[in-house]
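Every chain is numbered from 1 and lettered A, B, ... according to where its sequence line falls, protein lines coming before strand lines.
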Amino acid sequence: MNDASSVTDRFAGLVAIVSEHRQALEKQFARILSEYGAAISRLAFSYEAVASVREELVQEIALAIWQALAHFRGDCSERTFVYRIAHNRGLTHVGRRRPPHQPLEELEESKQPVDPRPHLDEQVARTDQQARLMSAIQSLPVTHRQMIVLALEGLSHAEIAEVMGITENNVAVRLTRIRKALKDVLGERT
Amino acid sequence: MTNDRELDTWRDQWSSVAEPPAEFQRKVQERIKRQQRRFVLGNLLTVIAFLGLLIFAVYMRHQSSWMGTGWATGICVLAMVSTAYRVWIFRGMWRPQAQSTRAFVELWHKRVTARIRLLRISIYVSLGWIIFCAALTAANWATIGQDVKANPKAWVVVLVACALMQYPVIWYGAVWLRRRKLAELNEVKKIMDEMDGKSMS
């Protein structure tokens, strides 16, 4: 009888530990989504031009983060962890389905944010510049896109190197070349 | 921020490019719940199918004919193989998503190559199985022939069922899945070349 109740107690204890661990994971996940949600959306923008597919991609990235979160042991920063997963998921998306490049005119206006502060002309010019930047980024090869996006997200060379698995020197050299390529594309489209 | 004005301007434009989709968190939570339900249901169905096949095998064994024994053995092997495959897939739930891009792409390349190899092998195994069955039938024709003459319709049904079971394996493996995987392999190679700087001008 005592043995049976001890087994039940142990089982209840185990269930409580698992439940606590799950709640902690859910909290961490919710925080990551609110902290990096916008960054993930921007990143998805560089991999997918079609809005409905992009929304799907954003959800898939979030799902991949959730699946990997239980195995996250803090061997890199949380930021690196999130960007690694997001980019790897983006790469899989591109690898399995490489959509035709969407021209500038087709970028939906609804996805362009409305900034209430600047004057209307200024706002239009700004939106146009954003669209040109996005289109130029989307025209780059996928790994170059990945690197410039990480740089635009404000990651240091060391962090980019950690996300991509290459050396810091390599990041510096490549970024210079990618920036030049991006500037050329933007120049062509002015 | 850096003193690099060009990069700062791009960052400024970039940071307001997109907002998370509406009700992003709720949709993700719903998707997680859906996936968990699918996972539980999938495992439940596997257990039910496994038990069902074992019960069917025991039933066939008790038919006490050589056909019954053959069916029971075949079903047991099928049940063991499919359950082992399911467990293997379950173990493969580990996804290398949190690795660096280079490690991820290298592993992806290895996996796609292995899958293509596996598809080729499965086609050969499938053809080998047909040849083995034909040889076995020829070797035991003295016994089987009598049964064929006695129940010709039943044997036609068995042959048609076997052909129908083989056809999707060969067609699916040889044509559709292999073509898809080869296309994926090309894309992975392209990404690897980009990473090695081969496509950089």
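Among the candidates A:Arg179, A:Glu162, A:Lys183, the residue making the largest number of heavy-atom pairs closer than 4.5 Å to chain B is A:Arg179. The most heavy-atom pairs under 4.5 Å with chain B, out of A:Ala181, A:Ala44, A:Gly165, come from A:Gly165.
Neither the backbone nor the side chain of B:Glu106 comes within contact range of chain A, judged by heavy atoms closer than 4.5 Å. With a 4.5 angstrom heavy-atom cutoff, A:Ile166 touches chain B only via side-chain atoms. Interface remark: B:Trp10 contributes backbone and side-chain atoms alike to the contact with chain A (heavy atom separation under 4.5 Å). Neither the backbone nor the side chain of A:Thr80 comes within contact range of chain B, judged by heavy atoms closer than 4.5 Å. For B:Val112, no part sits under 4.5 Å from any heavy atom of chain A, backbone or side chain. A:Ala161 does not touch chain B: none of its heavy atoms, backbone or side chain, sits under 4.5 Å away.
Remark: A:Arg54 qualifies as a cation-pi partner of A:Phe45 under the 6.0 Å distance and 45° angle criteria applied to the six-membered ring.
Applying the 6.0 Å contact sphere to CZ of A:Arg31 captures more than 12 heavy atoms from other residues, nucleotides or ligands.
Neither side chain, A:Glu48 nor A:Gln138, offers a donor N or O lying under 3.5 Å from an acceptor on the other. For the residue pair B:Trp14 and A:Gln130, no side-chain donor N or O sits within less than 3.5 Å of a side-chain acceptor on the partner. If you check the side chains of A:Arg174 and A:Asn170, you find a donor sitting under 3.5 Å from an acceptor. Side chain to side chain, A:Trp66 and A:Glu26 fail the donor-acceptor criterion of an N or O pair below 3.5 Å.
No side-chain heavy atom of A:Ile61 sits under 4.5 Å from any side-chain heavy atom of A:His93.
Every residue was checked against the side chain to side chain contact (heavy atoms under 4.5 Å, CB included) condition with A:Val18, not counting sequence neighbours, and none meets it.
Residues of residues 9-17 of chain A lying under 4.5 angstrom from chain B, judged on non-hydrogen atoms, do not exist here.
Ring-centre distance between A:Tyr47 and A:His87: below the 6.0 Å cut-off.
In this structure, the separation between CG on A:Asn88 and OH on A:Tyr83 is 14.5 Å, given to the nearest 0.5 Å.
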